Structures are given as structure tokens and as C-alpha cells.
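Since the structure comes first, as C-alpha cells, the remarks are kept for the end.
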Amino acid sequence: MSEFFPTVASPIPYEGPESDNPLAFRWYDADRVVAGKTMSDHLRFAVCYWHSFAWNGFDIFGAGTLDRPWVGAIDEMAAAEQKMEVAFEFFEKLGVPYFCFHDVDIAPPGSDVGETVDRFRHMVDLANGHMERTGVELLWGTANLFSDRRYQAGAATNPDPEVFARAAAQVCECLEAVHRLGGHNYVMWGGREGYETLLNTDLQREQVQLARFLSLVIEHKHAIGFDGMILVEPKPFEPMKHQYDRDVAAVTAFLQRFDLLGEVHVNIEVNHATLSGHDFQHEVAMAVEAGIFGSVDANAGDDRLGWDVDRFPSSVEQMTLGMYEILKGGGFTSGGCNFDSKLRRQSVANDDLFHAHIGGMDTIARSLLAAAALLEEGELAVAVQHRYAGWETEFGRQILTGDVTLNSLRERASSVLDPIPVSGRQELLENLVNRTIERVR
Ligand code: XLS
Ligand code: NI
Ligand code: NI
């Protein structure tokens, strides 16, 4: 097949911060060692199949705008094969180590379950060949349990157990394919696992179903010997009005309640964090603290839009703060940075997909440098340590673990204590972060 991206040289070179070549990296230098690991090993970049190749720019007000000739083609399988060739051409030219997919992104559903499975297996075989040829690996795969109309009221949380079984079949097939392809993780984004109105919803039952579904997936993962992480992806709403996995705290409580901690981790999407009213940094920190941090879907929201715009990350400050928490927590293990990020509908030029990814990768690479410097120089850590120093004194320790009562504290407070307010130093620390971002090279 002739090249789909003929104007882009292979692969995108690293040229450094002074370069003004738009088709070069200015910050992402794959083999550069930062804090003991190469940038490529730290960040584990993945391109997502769906927004990049399966989506042709359609929105609810109009049809596709992007040149994706395989979308809607009559010969669906030939189209799927062409799409896959183009996807791997892109992965190779961009120089990313990983990609991610939904089952339906790589293979169109057939007219019945049997044909759907045949088509999917055929495309998995082809993916296997492309992966061997190019060395590009699978960061994670997932089953799409939200587009088909049967999932209108959820997959695992559906009022009909037949739908639950159908979703189980789909995940079973997809998990096995991910395992076969040597995938590093398996994601479950519960887009429709929630409700529109409590007037028709048994909220307790639905959560029990969801937990049951997750435990069946875990059981199967162990049965087939898949050792990647099972990742759930919190999101507060959209498409459902309320989603059960609304944020990391809700997921942590859910896993605790159903005794699934240790088996399930989270895939944190930056803009889902924003939509849930949190910072990306907060979501990462909460996950690291709960021991459930897994992977990241890198994108950004828009200050004035209340939905999942999924645009490419461009804020070095936002990503630095998140990356700082990731590094503090020990970095990625099997997870990585997936670009669950999409072009704008007007980005119809052939190379726009490259500019989007180059910009996103540079934003995150620069953030890695800043976060590594913040960690290494340790000023933030010292400030935090200093702030809580009182808890390391005899008195502080005694409150937490010793023999005190509310009443004994009352006595102490009225006789000796007169705590003096101290500055939280927030502005100073924010300036420190910005100075570090400006300084790193
Ligand atoms: C949608 C989600 C989705 C998942 C994969 O908001 O981010 O794209 O990442 O199903
Ligand atoms: Ni996502
Ligand atoms: Ni999303």
C-alpha cells in the first residue's frame, strides 16, 4: 500500500528546545536518561486507535470532516485492514512504543456473534503480524461496552442478565486477544455503568452486578495467566448522568467494599479528573496513596466546556504536577501514557495528527524533566516535612498512637498549648514549580 502520510519523514527526530521544525521533538528525547531511566521507559507513550483512526470527526451536529476513507466503506473488512496499515505507519513514523484499542476499533462487528468473533480474531492475527514487523507493543486493549444499542442501560449494570452475559462474552474474547498479543494491561471504562434516573434504578443491585462482573474478569485473567493489570477508568458522567466509578476515591471505596483491592487498578484520564471537579494531580495522588495507580489517559479539558473534549495535553504545569505524583509513587510499572486525545474537527490536514501527538509528547516530556528536578532537588518534600514536623515530636506521636483521650487533650490545651499560625507558603511553592519548569533543559 502507498503511504497515507507521505509528507512525514520516518521517524520524527529529536532536535531539542531550540528547534523550530514543527515535525521534530523539542523535548521528547526517547533515549535520554532522566532519574535513572530513559524517557521512553518512564513515559511509555501509546497512541489510541479510536480517536486517531476510528473517528472521522463526526459530532452530534454533523458528519465526519477528517480524511478516514475506511470509515463507512462498503467492504468493512478491507477497510479494517487498510485502517490497521495506516495506524502502524503512524505508530512507526511517530516513534511510539505502544498503542491501545477497543475491540470494535480494529474489527467491525459481524451480523451475529460467530461472525463478530471470526472478524475480530482475523484482525488480531493481522495486528500480531504488524506488531512483530514494527516492534510496536500493546499497552492495553479494551472491549467497547457502550456503543452497541444493547448496552443502552449499561453492560454489567444492565437490568437484563442476558446483556450482562453478552458483555461477559465480549470481555472474555477481548481479554484473551490482549493476552495473546502480549498486551501489558486490560482496561474497563464503564461508560454506561451508571444511571439516568433513580426512578427506574436499583442502585444497590447494579453495584453488586458491577462488582460481580469485575470479579469474573479477575478470575478469568488468572485462569488464562494474564499478568497485566485490570484497570478501571473513573469518569463522573457522560454518557450517563451518574457513573458509579466517578473518581478515584469512589473507585477505592467500591473496591474496598467488594474486596477487590489488590486486583484492580485505575487508568486516570486527565480530563475525567477535571470533569469530576478534581485536579489531575489530586487523582494521581489519591490513587498512589490507595495503592491502585496504574496508567494514564493523557488529554485535557477546556475551562468553559463541561464535557469530554479529549484534546491533546498542552499544559506543562498541569502535567508536571501529575508527573511529580507519579514519580513520587515510583513511576509507571505496566501502565503508561496513552493519548486518549483527539484532533479538533477542523484539523483536516494530513499531518495534523502528527502535530497533535508531537505537541502532547513534548508537553509530557518537558513535564517529566520538571517533575524529576522537583523530586531530586527535594524542596517541595522538605516544605511538606517541615509543615508536619510537630507530628514527629513525642507529643504528636502520642496523640496518634499513645494513651490519650479527648479529655486529656483538653487539659493540655487549656494549660500549655497556644499554637501559632504559620504560613502555608503556597505562592512561594507555586513559584518554585514555575521556576523549575522554566529552568529545565
Ligand atoms: C471515554 C473514555 C474511553 C476509554 C476507553 O471517555 O475515556 O475513551 O478510555 O474506553
Ligand atoms: Ni479514556
Ligand atoms: Ni474520556
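A quick note: this is a predicted structure, and the numbers were derived from the prediction, not measured. Every heavy atom of this structure was used, including side-chain atoms; hydrogens, water molecules and symmetry mates were not. Whatever order the structure lists them in is the order used to number ligands and atoms, beginning at 1. Residue indices begin at 1 and follow the sequence shown.
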Evaluate F254 against Y244 for ring-ring contact (aromatic ring centres under 6.0 Å, His included), listing each step before the verdict.
CA-CA 9 Å; F254 183 90; Y244 295 119; 7.8 Å; no

Could you walk me through whether W70 and F4 pass ring-ring contact (aromatic ring centres under 6.0 Å, His included), step by step?
CA-CA 12 Å; W70 44 86; F4 191 77; 5.2 Å; yes

From CA spacing to verdict: ring-ring contact (aromatic ring centres under 6.0 Å, His included), F146, Y151:
CA-CA 6 Å; F146 45 89; Y151 297 131; 8.6 Å; no

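Among D245, N271, D308, the single residue meeting the side-chain hydrogen bond (donor to acceptor under 3.5 Å, both in side chains) criterion with K235 is D308. Looking at Y49, F53, F339 one by one, the single match for ring-ring contact (aromatic ring centres under 6.0 Å, His included) with F90 turns out to be F53.
Neither the backbone nor the side chain of E238 comes within contact range of ligand 1; no heavy atom lies under 4.0 Å. If you look at D310 next to ligand 1, there are no close heavy atoms at all, none under 4.0 Å.
More than 12 heavy atoms of other residues, nucleotides or ligands sit less than 6.0 Å from atom CD of E15. The number of heavy atoms from other shown groups lying within 6.0 Å of CZ (F58) does not exceed 12.
In terms of polar-atom proximity, E269 is counted as a contact of ligand 1, with an N or O under 3.5 Å from an N or O of the ligand. Checked against a 3.5 angstrom limit, the closest N/O atoms of W189 and ligand 1 fall outside it.
Under a 4.0 Å criterion applied to the non-hydrogen atoms of D297, ligand 1 contributes the atoms 9 (O). Ligand-side atoms of ligand 1 in range of H102: 5 (C), 10 (O), range being under 4.0 angstrom from any heavy atom. Atoms of ligand 1 found under 4.0 Å from any heavy atom of D340 (numbered from 1 in listed order, with element): 2 (C), 3 (C), 4 (C), 7 (O), 8 (O), 9 (O). Near D308, meaning under 4.0 Å from any of its heavy atoms, are these atoms of ligand 1: 1 (C), 6 (O).
With E233, Q243, H51 as candidates, the residue nearest to atom 2 (C) of ligand 1 on a non-hydrogen basis is E233.
Atom OD2 is the N/O/S atom of D340 found closest to the Ni ion (ligand 2). Within E269, OE1 is the N, O or S atom that lies nearest to the Ni ion (ligand 2). Looking at D297, its N, O or S atom nearest to the Ni ion (ligand 2) turns out to be OD2.
Between F332 atom CZ and F293 atom CZ the span is 4.5 Å, to the nearest 0.5 Å.
Aromatic ring centres of Y28 and Y14 lie farther apart than the 6.0 Å criterion allows.
Of the N and O atoms on the side chains of N299 and D340, not one donor lies less than 3.5 Å from an acceptor on the other residue.
In this structure, H272 counts as a contact residue of ligand 1, since one of its heavy atoms falls inside 4.0 Å of the ligand.
Not one N/O/S atom of E233, from backbone or side chain, sits under 2.8 Å from the Ni ion (ligand 3).
Rounded to the nearest 10 degrees, the angle NE2 (H272) to the Ni ion (ligand 3) to OD2 (D308) equals 90°.
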